[in-house]
Amino acid sequence: MSSYRSTSSGAVRCVLITGATGGIGSALALEYAQAGASTLILQGRQENRLQELAQACSAHGAKVITHVQDVRDHDTLKAWLEQISQTESPDLVIANAGVNINTGPQGQGEDWADVHRLLDVNIKAVFATAHGVLPAMRARGSGQVALISSLAAWRGLPETPSYSASKAAVKVYGEAMRDSLAHEGIRFNVVMPGYVESQMCFDMPGPKPFLWKADKAARVIRKGLSANRARISFPFPLNLGCFLLAVIHPAVSSRILKWMGYGA
């Protein structure tokens, strides 16, 4: 199986990150810049934030290419990814762009328009990212695609049903793609973070046990991807708890969630 093309220090040569202006995305960009990546390709919607991030990464010696776009324009996203894959040949692509919605402060339910927006970003854009970069990877017989899911993929949370469902879809898709393309030298990895400091996390209702800083999460993700772990899930206590909630009887898991402060 083909491996990374790397710098002399052993770092990944070229990394592409969607949703780079978010908490985890920004931390991943800086993590890879500090680890010696020679080229970073950063997509985001906030041009000012993207430029600030590019300057910070450039200070570590990385060449930075930025791309401002809403990932909900799937055809344009896919076309750009196909083009940049030909010109820059990213070794690692991290499909990180994501949004969250919830049932509201009074539990009134999710807005239907918001549900559509979430599915367009969290599922369709992730799939479009994979479809955009895979032709070049398959042609050269190497590459790695990391999909950012969530521990919410184990067991849906009452306040965030659509978000939880979208991350479950990403988890299953990544696992299937890993098995489907391993024989071609292409690695897929599913990343399942718990609560990581970011605006999206702070906007979520409910308790946030075992909250991590974004730079710690990025470091764990980079090391897990370097080791080609099929599933990179953290922190351990929360991952174990969410996994157990998924396998025990739903009536029991519902009571546990209520006891923890999730749901009415």
Side-chain angles (χ1 to χ4, degrees), residues 19 22-24 94-112 114-127 146-179 188-214 216-217 220-221 224-225 229-264:
I24 292 179
I94 304 177
N96 172 71
V99 296
N100 196 0
I101 62 174
N102 59 72
T103 54
Q106 306 302 322
Q108 63 267 31
E110 297 172 327
D111 180 80
W112 184 237
D114 287 344
V115 172
H116 272 281
R117 178 175 62 91
L118 179 142
L119 297 178
D120 279 343
V121 175
N122 289 13
I123 299 179
K124 292 182 181 179
V126 170
F127 291 9
L147 309 182
I148 306 297
S149 177
S150 167
L151 289 183
W154 285 126
R155 209 288 189 183
L157 297 176
E159 289 88 351
T160 56
S162 293
Y163 173 81
S164 301
S166 71
K167 292 304 184 178
V170 169
K171 171 184 174 293
V172 173
Y173 179 76
E175 291 167 348
M177 293 294 280
R178 181 180 177 89
D179 292 339
F188 267 77
N189 312 83
V190 175
V191 181
M192 300 174 65
Y195 294 105
V196 176
E197 289 186 354
S198 66
Q199 190 58 53
M200 188 170 78
C201 175
F202 297 144
D203 289 342
M204 291 174 63
K208 298 172 179 62
F210 304 102
L211 180 67
W212 276 22
K213 291 193 175 296
K216 179 179 180 180
V220 168
I221 292 169
L225 292 177
R229 288 171 51 194
R231 184 184 297 138
I232 302 163
S233 48
F234 57 86
F236 174 76
L238 191 59
N239 178 51
L240 177 60
C242 291
F243 172 75
L244 293 176
L245 286 174
V247 298
I248 63 178
H249 194 282
V252 178
S253 63
S254 294
R255 287 198 293 270
I256 292 173
L257 285 171
K258 288 181 181 178
W259 173 75
M260 293 180 64
Y262 296 98

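Bear in mind that the values here come from a model prediction, so they are computed numbers and not experimental data.
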Tyr262 (side chain) donor-acceptor with Pro207 (main chain) under 3.5 angstrom: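 Judged by distance alone, yes, a pair lies under 3.5 Å.
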Under 3.5 Å: donor-acceptor pair, side chain of Ser164, backbone of Leu157: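 Confirmed, Ser164 side chain pairs with Leu157 backbone.
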Is any side-chain heavy atom of [Y] closer than 4.5 Å to one of [X]?
X	Y	result
Phe188	Val190	no
Val191	Ile24	no
Val170	Ile148	no
Phe210	Asn239	no
Val252	Arg255	yes
Asn189	Arg178	yes

If every non-hydrogen atom of [X] is compared with every non-hydrogen atom of [Y], which pair is closest and at what distance?
X	Y	value
Gly23	Ser198	CA-CB, 3.9 Å
Gly261	Glu159	O-OE2, 4.0 Å
Val126	Leu147	CG1-CD2, 3.8 Å
Ser150	Lys167	CB-CG, 3.6 Å
Leu238	Gly194	CD2-CA, 4.0 Å
Leu257	Pro158	CD1-CD, 4.3 Å

Ring geometry between Phe243 and Trp154 (parallel below 30°, tilted from 30 to 60°, perpendicular above 60°):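 It falls in the perpendicular class, over 60°.
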Glu197 vs Phe202, side-chain contact (heavy atoms from CB on, under 4.5 Å): CA-CA, chis, key distance, verdict: CA-CA 7 Å; Glu197 289 186 354; Phe202 297 144; 3.9 Å; yes
Nearest-0.5 Å distance that lies between atom OG in Ser162 and atom CG in Leu118: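 Answer rounded to 0.5 Å: 6.0 Å.
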Distance in Å, His116 NE2 paired with Leu119 CG, rounded so as to fall on 0.5 Å steps: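 CG of Leu119 is found 7.5 Å from NE2 of His116.
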Under the side chain to side chain donor-acceptor pair (under 3.5 Å) test, residues paired with Tyr173 that sit two or more places apart: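 Expected list: none.
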Test side chain to side chain donor-acceptor pair (under 3.5 Å) applied to Ser253 - qualifying residues, sequence neighbours left out: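 If we apply the side chain to side chain donor-acceptor pair (under 3.5 Å) test to Ser253, skipping adjacent residues, the hits are Arg155.
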CA sep, side-chain torsions, deciding dist, call: Ile256, Ile248, side-chain contact (heavy atoms from CB on, under 4.5 Å): CA-CA 11 Å; Ile256 292 173; Ile248 63 178; 3.8 Å; yes
Counting only pairs under 3.5 Å, give me each side-chain donor-acceptor contact of residues 96-107, with atom names and distances, residues two or more places apart or in other chains.
residue, atom, partner, partner atom, Å
Asn96, ND2, Thr18, O, 3.3
Asn96, ND2, Gly19, O, 2.8
Asn102, OD1, Gly104, N, 2.8

Lys124 atom NZ: more than 12 heavy-atom contacts under 6.0 Å: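 No, because the 6.0 Å sphere around NZ of Lys124 holds 12 heavy atoms or fewer from other groups.
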